[in-house]
Amino acid sequence: MADLLTRLMHLNAEYAATLDDDRLEDWPDFFVTECLYKITSADNVRDGNEAGIVYADSRAMLADRVLALRRANIYERQSYRHIVSLPRLTGTDKAETPFLVVRTMRDGRMDLFAAGRYVDRFDDSAGMLHFRERIVVCDSARFDTLVAIPL
Amino acid sequence: MDQAYQLQASAPATLTRVPFHWYQDTALLQQEQREVFEGPVWNYLCIESDIPNPGDWRTTFVGRMSVVVVRTEDGTITAFENRCLHRGALICFDNAGNSKDFTCVYHSWRYDLSGNLKSIAFGKGVNGKGGMPETFRMQEHQTRKLRIASLSGIVFGTFSDATPPIEEYVGPDVLFALRRNASKPLRVIGRFTEVLPNNWKMYAENVRDTYHASLLHVFFATFRINRLSQGGGVTVSDNGGCHVSTTLAPTEDQDNAYAGMRSVDDGLRLSDPSMLDAADEHGDRVRQQIIGVFPSFAMQRTYNVLAIRQFVPKGVDSTDLNWIYLGYQDDSPVLRKRRLKQLNLAGPAGFVSMEDGCIGNFVERGAAAAPDALSLLEMGGDGVESQETRATETAVRGFWQMWRRLMRI
(Lines give C-alpha, C1' and ligand atoms only; values in the text may rest on other atoms or scores of the structure.)
Protein backbone atom coordinates (compact mmCIF):
# COMPACT_ATOMS: atom_id res chain seq x y z
CA MET A 1 0.00 0.00 0.00
CA ALA A 2 1.31 3.40 -0.94
CA ASP A 3 2.41 5.72 1.82
CA LEU A 4 0.07 8.38 3.22
CA LEU A 5 1.62 11.30 1.34
CA THR A 6 1.27 9.51 -1.96
CA ARG A 7 -2.35 8.65 -1.19
CA LEU A 8 -3.06 12.29 -0.26
CA MET A 9 -1.55 13.48 -3.53
CA HIS A 10 -3.74 11.01 -5.37
CA LEU A 11 -6.80 12.24 -3.43
CA ASN A 12 -6.02 15.87 -4.27
CA ALA A 13 -5.44 15.06 -7.92
CA GLU A 14 -8.79 13.26 -8.16
CA TYR A 15 -10.53 16.11 -6.28
CA ALA A 16 -9.10 18.73 -8.66
CA ALA A 17 -9.98 16.71 -11.76
CA THR A 18 -13.53 16.20 -10.51
CA LEU A 19 -14.09 19.99 -10.24
CA ASP A 20 -12.12 20.95 -13.34
CA ASP A 21 -13.83 18.31 -15.51
CA ASP A 22 -17.27 19.53 -14.36
CA ARG A 23 -18.12 16.27 -12.59
CA LEU A 24 -19.58 18.27 -9.70
CA GLU A 25 -22.06 15.52 -8.77
CA ASP A 26 -19.07 13.36 -7.71
CA TRP A 27 -17.56 16.11 -5.55
CA PRO A 28 -19.51 15.35 -2.31
CA ASP A 29 -18.16 11.77 -2.38
CA PHE A 30 -14.75 13.07 -1.32
CA PHE A 31 -16.25 13.89 2.09
CA VAL A 32 -17.53 11.87 5.05
CA THR A 33 -21.25 12.18 5.84
CA GLU A 34 -20.77 14.64 8.67
CA CYS A 35 -18.06 16.88 7.29
CA LEU A 36 -17.12 20.52 7.25
CA TYR A 37 -16.38 22.35 4.01
CA LYS A 38 -15.77 26.07 4.20
CA ILE A 39 -14.33 28.72 1.88
CA THR A 40 -12.75 31.54 3.85
CA SER A 41 -9.67 33.79 3.72
CA ALA A 42 -6.40 34.16 5.60
CA ASP A 43 -7.54 37.50 7.10
CA ASN A 44 -10.76 35.98 8.41
CA VAL A 45 -8.88 33.05 9.93
CA ARG A 46 -6.40 35.46 11.56
CA ASP A 47 -9.23 37.61 12.97
CA GLY A 48 -11.13 34.61 14.32
CA ASN A 49 -14.10 35.22 11.99
CA GLU A 50 -15.98 31.95 11.69
CA ALA A 51 -18.08 32.69 8.62
CA GLY A 52 -17.19 31.58 5.12
CA ILE A 53 -18.67 32.34 1.72
CA VAL A 54 -19.56 28.66 1.48
CA TYR A 55 -20.23 26.67 4.64
CA ALA A 56 -21.46 23.08 4.66
CA ASP A 57 -21.53 20.82 7.69
CA SER A 58 -22.86 17.74 5.91
CA ARG A 59 -22.25 15.89 2.67
CA ALA A 60 -25.93 16.47 1.88
CA MET A 61 -25.35 20.23 1.97
CA LEU A 62 -22.58 19.79 -0.60
CA ALA A 63 -24.98 17.84 -2.79
CA ASP A 64 -27.57 20.61 -2.35
CA ARG A 65 -25.01 23.17 -3.51
CA VAL A 66 -24.31 21.18 -6.66
CA LEU A 67 -28.03 20.79 -7.33
CA ALA A 68 -28.55 24.55 -6.86
CA LEU A 69 -25.68 25.32 -9.25
CA ARG A 70 -27.17 23.00 -11.84
CA ARG A 71 -30.83 23.92 -11.45
CA ALA A 72 -31.26 27.31 -9.79
CA ASN A 73 -28.26 29.61 -9.95
CA ILE A 74 -27.33 31.76 -12.93
CA TYR A 75 -23.73 32.37 -13.88
CA GLU A 76 -21.80 32.66 -17.08
CA ARG A 77 -20.21 29.48 -18.37
CA GLN A 78 -16.76 29.12 -16.81
CA SER A 79 -14.26 26.49 -15.81
CA TYR A 80 -11.44 26.13 -13.32
CA ARG A 81 -7.98 24.66 -13.59
CA HIS A 82 -6.71 23.68 -10.15
CA ILE A 83 -2.94 23.53 -9.77
CA VAL A 84 -2.48 21.68 -6.49
CA SER A 85 0.92 21.55 -4.88
CA LEU A 86 2.39 18.94 -2.54
CA PRO A 87 0.55 18.14 0.69
CA ARG A 88 2.36 18.75 3.96
CA LEU A 89 1.39 16.48 6.86
CA THR A 90 0.59 18.57 9.93
CA GLY A 91 -0.63 15.75 12.18
CA THR A 92 -1.65 12.10 12.03
CA ASP A 93 -4.92 13.01 10.28
CA LYS A 94 -4.13 16.55 9.13
CA ALA A 95 -2.54 18.07 6.07
CA GLU A 96 -2.15 21.41 4.34
CA THR A 97 -1.85 21.80 0.60
CA PRO A 98 -1.31 25.00 -1.43
CA PHE A 99 -3.37 25.56 -4.56
CA LEU A 100 -3.89 27.96 -7.45
CA VAL A 101 -7.08 28.20 -9.47
CA VAL A 102 -7.15 29.72 -12.94
CA ARG A 103 -10.66 30.56 -14.14
CA THR A 104 -11.49 30.53 -17.84
CA MET A 105 -14.64 32.35 -18.92
CA ARG A 106 -16.94 31.59 -21.84
CA ASP A 107 -15.22 34.22 -24.00
CA GLY A 108 -11.77 32.81 -23.25
CA ARG A 109 -10.73 35.35 -20.65
CA MET A 110 -8.43 33.75 -18.07
CA ASP A 111 -7.73 35.03 -14.57
CA LEU A 112 -5.80 33.85 -11.59
CA PHE A 113 -9.03 33.43 -9.63
CA ALA A 114 -7.79 32.15 -6.28
CA ALA A 115 -4.67 31.12 -4.42
CA GLY A 116 -4.48 29.64 -0.97
CA ARG A 117 -4.19 26.46 1.01
CA TYR A 118 -6.42 23.56 1.82
CA VAL A 119 -6.45 22.89 5.55
CA ASP A 120 -7.65 19.30 5.79
CA ARG A 121 -8.55 16.69 8.35
CA PHE A 122 -9.02 13.33 6.78
CA ASP A 123 -10.61 10.02 7.59
CA ASP A 124 -8.85 6.80 6.70
CA SER A 125 -11.24 4.34 8.32
CA ALA A 126 -12.89 2.78 5.27
CA GLY A 127 -9.61 1.90 3.60
CA MET A 128 -10.03 5.08 1.55
CA LEU A 129 -9.19 8.67 2.36
CA HIS A 130 -12.10 11.09 2.78
CA PHE A 131 -12.20 14.66 4.01
CA ARG A 132 -13.60 15.16 7.48
CA GLU A 133 -12.83 18.83 7.02
CA ARG A 134 -11.61 20.82 4.07
CA ILE A 135 -11.18 24.48 4.93
CA VAL A 136 -10.29 26.43 1.81
CA VAL A 137 -8.23 29.33 3.13
CA CYS A 138 -7.85 31.77 0.26
CA ASP A 139 -4.95 34.21 0.49
CA SER A 140 -7.30 37.02 -0.52
CA ALA A 141 -10.81 37.84 0.69
CA ARG A 142 -11.57 39.49 -2.68
CA PHE A 143 -13.46 37.45 -5.23
CA ASP A 144 -14.11 38.54 -8.79
CA THR A 145 -17.82 38.72 -9.72
CA LEU A 146 -19.01 35.52 -8.05
CA VAL A 147 -17.94 32.12 -6.81
CA ALA A 148 -20.08 29.41 -8.36
CA ILE A 149 -17.95 26.28 -8.80
CA PRO A 150 -16.47 24.99 -5.53
CA LEU A 151 -12.76 25.50 -4.90
CA MET B 1 -19.35 72.66 -22.66
CA ASP B 2 -19.85 72.10 -18.95
CA GLN B 3 -20.42 68.43 -18.14
CA ALA B 4 -23.40 69.12 -15.85
CA TYR B 5 -25.01 71.19 -18.59
CA GLN B 6 -24.60 68.40 -21.16
CA LEU B 7 -26.22 65.92 -18.83
CA GLN B 8 -29.05 68.28 -18.03
CA ALA B 9 -29.74 68.86 -21.71
CA SER B 10 -30.21 65.13 -22.31
CA ALA B 11 -31.92 64.28 -19.02
CA PRO B 12 -35.30 62.56 -19.32
CA ALA B 13 -38.22 64.44 -17.78
CA THR B 14 -39.30 61.36 -15.81
CA LEU B 15 -37.73 59.07 -13.22
CA THR B 16 -38.90 56.09 -15.29
CA ARG B 17 -36.06 56.57 -17.81
CA VAL B 18 -32.30 56.35 -17.22
CA PRO B 19 -29.87 56.97 -20.08
CA PHE B 20 -27.10 54.36 -20.13
CA HIS B 21 -24.36 56.99 -20.34
CA TRP B 22 -25.12 57.83 -16.70
CA TYR B 23 -23.39 54.53 -15.88
CA GLN B 24 -20.67 54.91 -18.51
CA ASP B 25 -19.37 58.47 -18.40
CA THR B 26 -15.97 58.64 -16.68
CA ALA B 27 -16.41 62.36 -16.00
CA LEU B 28 -19.44 61.61 -13.84
CA LEU B 29 -17.25 59.79 -11.30
CA GLN B 30 -15.60 62.99 -10.14
CA GLN B 31 -18.86 64.89 -10.07
CA GLU B 32 -20.42 62.07 -8.04
CA GLN B 33 -17.52 62.13 -5.59
CA ARG B 34 -18.04 65.85 -4.99
CA GLU B 35 -21.83 66.17 -5.19
CA VAL B 36 -23.02 62.78 -3.96
CA PHE B 37 -20.51 61.13 -1.61
CA GLU B 38 -19.13 64.38 -0.17
CA GLY B 39 -22.54 66.03 -0.40
CA PRO B 40 -25.50 66.06 2.01
CA VAL B 41 -25.63 62.28 2.50
CA TRP B 42 -24.78 59.80 5.25
CA ASN B 43 -21.99 57.38 4.26
CA TYR B 44 -21.59 54.10 6.15
CA LEU B 45 -18.16 54.03 7.82
CA CYS B 46 -17.97 51.06 10.21
CA ILE B 47 -19.69 49.54 13.21
CA GLU B 48 -18.76 50.76 16.68
CA SER B 49 -17.49 47.37 17.77
CA ASP B 50 -14.85 47.56 14.99
CA ILE B 51 -13.13 50.22 17.11
CA PRO B 52 -14.03 49.51 20.76
CA ASN B 53 -10.98 51.01 22.51
CA PRO B 54 -9.30 54.44 22.47
CA GLY B 55 -6.75 54.52 19.66
CA ASP B 56 -8.55 51.83 17.64
CA TRP B 57 -8.94 52.80 13.98
CA ARG B 58 -10.20 51.38 10.70
CA THR B 59 -9.78 52.59 7.16
CA THR B 60 -12.98 52.85 5.14
CA PHE B 61 -14.31 54.72 2.13
CA VAL B 62 -16.51 57.66 1.26
CA GLY B 63 -16.99 57.09 -2.44
CA ARG B 64 -13.44 56.78 -3.78
CA MET B 65 -11.97 58.67 -0.84
CA SER B 66 -10.01 56.72 1.75
CA VAL B 67 -11.11 57.70 5.26
CA VAL B 68 -9.79 56.83 8.73
CA VAL B 69 -12.38 56.30 11.44
CA VAL B 70 -10.99 56.43 14.96
CA ARG B 71 -12.00 55.96 18.59
CA THR B 72 -10.36 58.91 20.37
CA GLU B 73 -9.04 59.15 23.94
CA ASP B 74 -12.39 60.37 25.30
CA GLY B 75 -14.32 57.51 23.65
CA THR B 76 -15.91 59.56 20.87
CA ILE B 77 -15.61 58.57 17.22
CA THR B 78 -13.98 60.82 14.65
CA ALA B 79 -13.19 60.36 10.98
CA PHE B 80 -10.99 62.22 8.56
CA GLU B 81 -9.70 61.96 5.01
CA ASN B 82 -6.76 59.53 4.86
CA ARG B 83 -4.47 61.95 3.00
CA CYS B 84 -1.36 63.57 4.40
CA LEU B 85 -1.52 67.37 4.20
CA HIS B 86 2.06 67.44 2.92
CA ARG B 87 2.30 65.33 -0.22
CA GLY B 88 -1.00 63.50 -0.16
CA ALA B 89 0.15 60.02 0.87
CA LEU B 90 -2.10 57.69 2.80
CA ILE B 91 -1.72 58.34 6.52
CA CYS B 92 -2.90 54.81 7.38
CA PHE B 93 -2.28 52.01 4.93
CA ASP B 94 -3.69 49.00 6.68
CA ASN B 95 -7.28 47.90 7.34
CA ALA B 96 -7.25 48.48 11.08
CA GLY B 97 -5.00 49.00 14.07
CA ASN B 98 -4.45 50.78 17.37
CA SER B 99 -2.27 53.88 17.66
CA LYS B 100 -1.48 56.76 20.01
CA ASP B 101 -1.22 59.04 16.99
CA PHE B 102 -0.63 58.81 13.25
CA THR B 103 2.62 59.52 11.46
CA CYS B 104 2.78 59.66 7.68
CA VAL B 105 5.61 57.33 6.62
CA TYR B 106 6.76 59.58 3.78
CA HIS B 107 8.15 62.58 5.75
CA SER B 108 6.92 61.84 9.30
CA TRP B 109 4.22 64.50 9.54
CA ARG B 110 2.34 63.55 12.70
CA TYR B 111 -1.39 63.77 13.46
CA ASP B 112 -3.38 63.20 16.65
CA LEU B 113 -6.23 60.67 16.84
CA SER B 114 -8.69 63.30 15.60
CA GLY B 115 -6.59 63.94 12.50
CA ASN B 116 -5.12 67.29 13.60
CA LEU B 117 -1.60 68.01 12.36
CA LYS B 118 0.65 68.09 15.45
CA SER B 119 4.24 68.12 14.26
CA ILE B 120 6.43 68.30 11.17
CA ALA B 121 9.75 66.45 11.05
CA PHE B 122 12.71 68.85 10.67
CA GLY B 123 10.17 71.70 10.67
CA LYS B 124 12.91 74.00 12.00
CA GLY B 125 15.53 72.50 9.69
CA VAL B 126 18.84 70.88 10.64
CA ASN B 127 21.61 72.93 12.25
CA GLY B 128 19.76 76.11 11.38
CA LYS B 129 19.51 75.21 7.70
CA GLY B 130 16.38 74.31 5.73
CA GLY B 131 13.05 73.72 7.45
CA MET B 132 9.65 75.28 6.92
CA PRO B 133 9.34 79.05 6.47
CA GLU B 134 8.49 81.21 9.53
CA THR B 135 5.16 82.03 7.92
CA PHE B 136 3.97 78.39 7.88
CA ARG B 137 1.17 77.79 10.41
CA MET B 138 0.20 74.19 11.13
CA GLN B 139 -3.28 75.22 12.29
CA GLU B 140 -4.01 76.58 8.83
CA HIS B 141 -3.70 73.03 7.50
CA GLN B 142 -6.52 70.71 8.48
CA THR B 143 -7.48 67.25 7.32
CA ARG B 144 -11.04 67.07 6.02
CA LYS B 145 -13.19 65.80 8.86
CA LEU B 146 -16.57 64.12 8.81
CA ARG B 147 -19.49 64.71 11.08
CA ILE B 148 -20.37 61.38 12.72
CA ALA B 149 -23.71 59.81 13.59
CA SER B 150 -24.09 56.39 15.19
CA LEU B 151 -27.38 54.55 14.77
CA SER B 152 -27.43 51.85 17.43
CA GLY B 153 -23.71 51.26 16.85
CA ILE B 154 -23.73 51.56 13.04
CA VAL B 155 -21.45 54.52 12.27
CA PHE B 156 -22.18 56.95 9.44
CA GLY B 157 -20.36 60.12 8.40
CA THR B 158 -21.03 63.20 6.30
CA PHE B 159 -18.88 66.02 4.94
CA SER B 160 -21.80 68.43 4.55
CA ASP B 161 -23.24 70.78 7.17
CA ALA B 162 -26.51 70.62 5.23
CA THR B 163 -27.10 66.91 5.85
CA PRO B 164 -30.20 66.51 8.02
CA PRO B 165 -30.00 64.42 11.21
CA ILE B 166 -29.67 60.77 10.24
CA GLU B 167 -33.01 59.81 11.83
CA GLU B 168 -34.76 62.30 9.55
CA TYR B 169 -32.59 61.35 6.54
CA VAL B 170 -33.48 57.64 6.62
CA GLY B 171 -37.09 58.16 7.72
CA PRO B 172 -39.09 56.33 10.41
CA ASP B 173 -39.43 52.92 8.74
CA VAL B 174 -35.75 52.49 7.85
CA LEU B 175 -34.85 53.80 11.29
CA PHE B 176 -37.09 51.23 12.94
CA ALA B 177 -35.63 48.38 10.87
CA LEU B 178 -32.01 49.43 11.46
CA ARG B 179 -32.58 49.80 15.18
CA ARG B 180 -34.17 46.36 15.31
CA ASN B 181 -31.20 44.83 13.45
CA ALA B 182 -28.81 46.53 15.85
CA SER B 183 -30.92 46.03 18.96
CA LYS B 184 -28.04 44.15 20.56
CA PRO B 185 -24.28 44.77 20.27
CA LEU B 186 -23.10 43.56 16.87
CA ARG B 187 -20.12 41.35 16.20
CA VAL B 188 -18.38 40.87 12.85
CA ILE B 189 -18.16 37.17 11.95
CA GLY B 190 -16.74 37.53 8.43
CA ARG B 191 -15.54 40.06 5.86
CA PHE B 192 -15.35 39.43 2.14
CA THR B 193 -15.13 41.67 -0.92
CA GLU B 194 -16.85 40.95 -4.20
CA VAL B 195 -15.43 42.78 -7.20
CA LEU B 196 -18.41 43.85 -9.29
CA PRO B 197 -17.56 44.53 -12.94
CA ASN B 198 -20.08 47.34 -13.22
CA ASN B 199 -20.87 50.92 -12.23
CA TRP B 200 -21.74 51.36 -8.54
CA LYS B 201 -25.19 52.75 -9.36
CA MET B 202 -26.23 49.45 -10.93
CA TYR B 203 -25.65 47.76 -7.62
CA ALA B 204 -27.41 50.57 -5.72
CA GLU B 205 -30.39 49.98 -8.03
CA ASN B 206 -30.21 46.22 -7.65
CA VAL B 207 -30.46 46.52 -3.86
CA ARG B 208 -33.65 48.58 -4.30
CA ASP B 209 -35.09 46.42 -7.08
CA THR B 210 -37.66 44.27 -5.29
CA TYR B 211 -39.04 43.16 -8.67
CA HIS B 212 -36.00 41.10 -9.72
CA ALA B 213 -35.51 39.19 -6.47
CA SER B 214 -37.66 36.13 -7.08
CA LEU B 215 -37.15 36.20 -10.87
CA LEU B 216 -33.35 36.31 -11.10
CA HIS B 217 -32.74 34.43 -7.87
CA VAL B 218 -34.86 31.31 -8.24
CA PHE B 219 -33.19 29.25 -5.51
CA PHE B 220 -36.13 29.58 -3.11
CA ALA B 221 -38.73 28.85 -5.78
CA THR B 222 -36.76 25.94 -7.25
CA PHE B 223 -36.62 24.25 -3.88
CA ARG B 224 -40.20 25.23 -3.05
CA ILE B 225 -39.16 27.45 -0.16
CA ASN B 226 -41.08 30.65 -0.83
CA ARG B 227 -43.18 32.44 -3.36
CA LEU B 228 -43.51 35.87 -4.96
CA SER B 229 -46.95 36.10 -3.37
CA GLN B 230 -45.68 36.03 0.20
CA GLY B 231 -46.66 39.13 2.14
CA GLY B 232 -44.51 42.21 2.29
CA GLY B 233 -43.84 45.49 0.59
CA VAL B 234 -41.44 48.36 0.21
CA THR B 235 -41.22 51.65 2.07
CA VAL B 236 -39.32 54.58 0.56
CA SER B 237 -38.04 57.53 2.60
CA ASP B 238 -39.25 61.07 1.82
CA ASN B 239 -35.95 61.94 0.14
CA GLY B 240 -36.28 58.85 -2.10
CA GLY B 241 -32.82 57.55 -1.27
CA CYS B 242 -33.53 55.16 1.58
CA HIS B 243 -35.81 52.17 1.61
CA VAL B 244 -36.75 49.02 3.42
CA SER B 245 -38.27 46.05 1.64
CA THR B 246 -39.70 43.15 3.56
CA THR B 247 -40.83 39.62 2.80
CA LEU B 248 -42.81 37.90 5.53
CA ALA B 249 -42.83 34.21 6.31
CA PRO B 250 -45.90 32.58 4.72
CA THR B 251 -48.95 32.04 6.85
CA GLU B 252 -50.38 29.29 4.66
CA ASP B 253 -49.30 26.99 1.86
CA GLN B 254 -52.03 28.01 -0.55
CA ASP B 255 -50.25 30.60 -2.65
CA ASN B 256 -48.79 29.62 -6.00
CA ALA B 257 -47.80 32.76 -7.85
CA TYR B 258 -45.01 31.34 -9.99
CA ALA B 259 -46.17 33.05 -13.17
CA GLY B 260 -43.32 33.50 -15.62
CA MET B 261 -40.60 32.15 -13.39
CA ARG B 262 -37.81 30.01 -14.79
CA SER B 263 -38.08 27.34 -12.15
CA VAL B 264 -40.05 24.29 -13.15
CA ASP B 265 -42.45 22.21 -11.16
CA ASP B 266 -40.31 19.14 -10.71
CA GLY B 267 -40.48 18.82 -6.98
CA LEU B 268 -36.85 19.50 -6.15
CA ARG B 269 -36.08 19.48 -2.45
CA LEU B 270 -33.00 20.16 -0.41
CA SER B 271 -31.38 16.97 0.92
CA ASP B 272 -30.30 18.83 4.05
CA PRO B 273 -32.91 21.49 4.82
CA SER B 274 -31.23 22.24 8.17
CA MET B 275 -29.66 25.23 6.42
CA LEU B 276 -33.06 26.92 6.65
CA ASP B 277 -33.85 26.08 10.28
CA ALA B 278 -34.43 29.60 11.46
CA ALA B 279 -35.22 31.24 14.75
CA ASP B 280 -37.67 34.17 14.66
CA GLU B 281 -35.22 36.34 16.59
CA HIS B 282 -37.32 39.48 16.65
CA GLY B 283 -40.80 37.95 16.68
CA ASP B 284 -41.82 39.80 13.50
CA ARG B 285 -42.11 36.97 10.91
CA VAL B 286 -39.55 38.75 8.71
CA ARG B 287 -38.05 36.22 6.31
CA GLN B 288 -36.06 38.65 4.24
CA GLN B 289 -35.50 42.35 4.66
CA ILE B 290 -33.28 44.69 2.68
CA ILE B 291 -32.50 48.19 3.89
CA GLY B 292 -30.85 50.74 1.64
CA VAL B 293 -29.36 54.01 2.85
CA PHE B 294 -28.28 56.35 0.07
CA PRO B 295 -25.67 56.28 -1.36
CA SER B 296 -23.60 53.21 -0.51
CA PHE B 297 -25.06 51.15 2.32
CA ALA B 298 -27.35 48.16 2.45
CA MET B 299 -28.19 45.86 5.30
CA GLN B 300 -29.94 42.56 4.96
CA ARG B 301 -31.72 40.19 7.25
CA THR B 302 -32.47 36.83 5.63
CA TYR B 303 -33.67 34.17 8.06
CA ASN B 304 -30.90 34.59 10.69
CA VAL B 305 -28.38 36.12 8.30
CA LEU B 306 -27.40 39.65 9.23
CA ALA B 307 -25.06 41.43 6.85
CA ILE B 308 -23.97 44.90 5.84
CA ARG B 309 -22.94 45.69 2.29
CA GLN B 310 -20.83 48.75 1.52
CA PHE B 311 -20.35 49.60 -2.14
CA VAL B 312 -17.18 51.44 -3.09
CA PRO B 313 -16.77 52.80 -6.63
CA LYS B 314 -13.34 51.89 -8.00
CA GLY B 315 -13.81 53.12 -11.54
CA VAL B 316 -16.67 53.86 -13.89
CA ASP B 317 -17.18 50.12 -14.47
CA SER B 318 -15.78 48.59 -11.28
CA THR B 319 -17.18 48.51 -7.77
CA ASP B 320 -15.94 46.82 -4.63
CA LEU B 321 -18.80 45.30 -2.69
CA ASN B 322 -17.69 44.85 0.91
CA TRP B 323 -19.69 42.18 2.72
CA ILE B 324 -19.66 42.44 6.50
CA TYR B 325 -21.27 39.35 8.02
CA LEU B 326 -22.68 39.98 11.48
CA GLY B 327 -24.02 38.30 14.54
CA TYR B 328 -24.75 39.56 18.00
CA GLN B 329 -22.11 39.46 20.69
CA ASP B 330 -24.42 37.30 22.83
CA ASP B 331 -25.21 34.71 20.12
CA SER B 332 -25.65 31.22 21.54
CA PRO B 333 -23.55 28.56 19.76
CA VAL B 334 -26.75 27.21 18.19
CA LEU B 335 -27.79 30.59 16.80
CA ARG B 336 -24.26 31.32 15.56
CA LYS B 337 -24.23 27.99 13.73
CA ARG B 338 -27.56 28.88 12.07
CA ARG B 339 -26.01 32.13 10.82
CA LEU B 340 -22.92 30.33 9.46
CA LYS B 341 -25.08 27.84 7.56
CA GLN B 342 -27.62 30.38 6.32
CA LEU B 343 -24.80 32.62 5.06
CA ASN B 344 -24.76 30.18 2.12
CA LEU B 345 -27.65 32.36 0.94
CA ALA B 346 -25.60 35.61 0.89
CA GLY B 347 -22.30 36.92 -0.41
CA PRO B 348 -20.29 36.18 -3.57
CA ALA B 349 -21.26 32.48 -3.51
CA GLY B 350 -24.76 33.04 -2.09
CA PHE B 351 -27.65 30.95 -3.39
CA VAL B 352 -29.81 34.09 -3.61
CA SER B 353 -27.10 36.67 -4.25
CA MET B 354 -24.42 35.31 -6.59
CA GLU B 355 -26.40 36.44 -9.64
CA ASP B 356 -26.16 40.05 -8.48
CA GLY B 357 -22.40 39.77 -9.03
CA CYS B 358 -22.79 39.28 -12.77
CA ILE B 359 -26.11 40.93 -13.64
CA GLY B 360 -24.74 44.50 -13.60
CA ASN B 361 -22.03 43.40 -16.01
CA PHE B 362 -24.66 41.87 -18.30
CA VAL B 363 -26.25 45.34 -18.43
CA GLU B 364 -22.85 46.98 -19.05
CA ARG B 365 -22.21 44.67 -21.97
CA GLY B 366 -25.78 44.82 -23.27
CA ALA B 367 -25.75 48.60 -23.33
CA ALA B 368 -22.09 49.06 -24.33
CA ALA B 369 -22.98 50.64 -27.67
CA ALA B 370 -26.14 52.39 -26.52
CA PRO B 371 -25.08 55.36 -24.37
CA ASP B 372 -28.16 57.38 -25.31
CA ALA B 373 -30.67 54.55 -25.07
CA LEU B 374 -32.88 54.47 -22.01
CA SER B 375 -33.40 51.97 -19.24
CA LEU B 376 -37.09 51.49 -18.30
CA LEU B 377 -38.41 51.77 -14.74
CA GLU B 378 -42.21 51.71 -14.93
CA MET B 379 -43.14 48.82 -12.65
CA GLY B 380 -45.50 50.17 -10.03
CA GLY B 381 -45.98 53.50 -11.79
CA ASP B 382 -43.75 56.55 -12.03
CA GLY B 383 -43.57 57.75 -8.44
CA VAL B 384 -41.43 56.99 -5.44
CA GLU B 385 -44.13 56.25 -2.89
CA SER B 386 -44.19 53.27 -0.54
CA GLN B 387 -46.07 50.27 -1.95
CA GLU B 388 -47.57 47.11 -0.48
CA THR B 389 -46.05 44.94 -3.16
CA ARG B 390 -42.58 43.96 -4.30
CA ALA B 391 -43.61 43.92 -7.96
CA THR B 392 -42.49 47.53 -8.24
CA GLU B 393 -39.48 49.69 -9.06
CA THR B 394 -40.49 52.51 -6.74
CA ALA B 395 -37.32 52.39 -4.61
CA VAL B 396 -35.12 52.38 -7.74
CA ARG B 397 -36.89 55.54 -8.91
CA GLY B 398 -36.30 56.92 -5.41
CA PHE B 399 -32.56 56.35 -5.82
CA TRP B 400 -32.58 58.32 -9.07
CA GLN B 401 -34.68 61.08 -7.54
CA MET B 402 -32.02 61.65 -4.87
CA TRP B 403 -29.07 61.20 -7.27
CA ARG B 404 -30.54 63.64 -9.79
CA ARG B 405 -31.28 66.23 -7.12
CA LEU B 406 -27.72 66.09 -5.79
CA MET B 407 -26.18 66.01 -9.27
CA ARG B 408 -28.56 68.80 -10.44
CA ILE B 409 -29.56 66.73 -13.46
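Residue numbers start from 1 in every chain, and the chains themselves are labelled A, B, ... in the order their sequence lines are given, proteins ahead of strands.
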Before we go on, tell me: are the rings of [X] and [Y] under 6.0 Å apart, centre to centre?
| X | Y | result |
| --- | --- | --- |
| B:Phe311 | B:Tyr203 | yes |
| A:Phe31 | A:Tyr37 | yes |
| B:Phe351 | B:Phe220 | no |

Under 4.5 Å, counting heavy-atom pairs only, tell me which of [options] racks up the most with chain A.
| options | answer |
| --- | --- |
| B:Phe219, B:Tyr325, B:Phe192 | B:Phe192 |
| B:Asn95, B:Val352, B:Asp320 | B:Asp320 |
| B:Pro197, B:Gly347, B:Pro273, B:Gly327 | B:Pro197 |

query = B:Arg187 side chain to B:Tyr328 main-chain N or O, any donor-acceptor pair under 3.5 Å?
reply =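 It does not hold such a pair.
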
message = Pairing donors with acceptors under 3.5 angstrom, does anything connect the side chains of A:Ser58 and B:Asp272?
response =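 Checked: A:Ser58/B:Asp272 side chains pair up, N/O donor to acceptor below 3.5 Å.
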
message = With no hydrogens and no angle check, just 3.5 Å: does a side-chain donor-acceptor pair link B:Thr319 and B:Lys314?
response =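 No, B:Lys314 and B:Thr319 have no side-chain donor paired with an acceptor closer than 3.5 Å.
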
If I measure from the heavy atoms of chain B, does [X] come under 4.5 Å with its side chain, its backbone, both, or neither?
| X | result |
| --- | --- |
| A:Ile39 | backbone |
| A:Asp144 | both |
| A:Thr40 | both |
| A:Arg59 | neither |

ask   = Counting heavy-atom pairs under 4.5 Å to chain B, which of A:Leu146, A:Asn49, A:Asp43, A:Leu69 comes out on top?
value =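 If we count pairs closer than 4.5 Å to chain B, A:Asn49 comes out on top.
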
request  = Give the member of A:Asp57, A:Val54, A:Asp64, A:Leu67 that has the highest number of heavy-atom pairs under 4.5 Å with chain B.
outcome  =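 Option with the greatest count: A:Asp64.
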
request  = Determine, step by step, whether A:Tyr118 and A:Phe131 satisfy the ring-ring contact (aromatic ring centres under 6.0 Å, His included) criterion, reporting the C-alpha distance in whole Å, the side-chain angles of both residues, the deciding distance to 0.1 Å, and the verdict.
outcome  = CA-CA 11 Å; A:Tyr118 293 122; A:Phe131 296 115; 7.6 Å; no

request  = Name the region of B:Arg336, side chain, backbone, both or neither, that has any atom closer than 4.5 Å to a heavy atom of chain A.
outcome  =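 For B:Arg336, the side chain is the part near chain A, not the backbone.
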
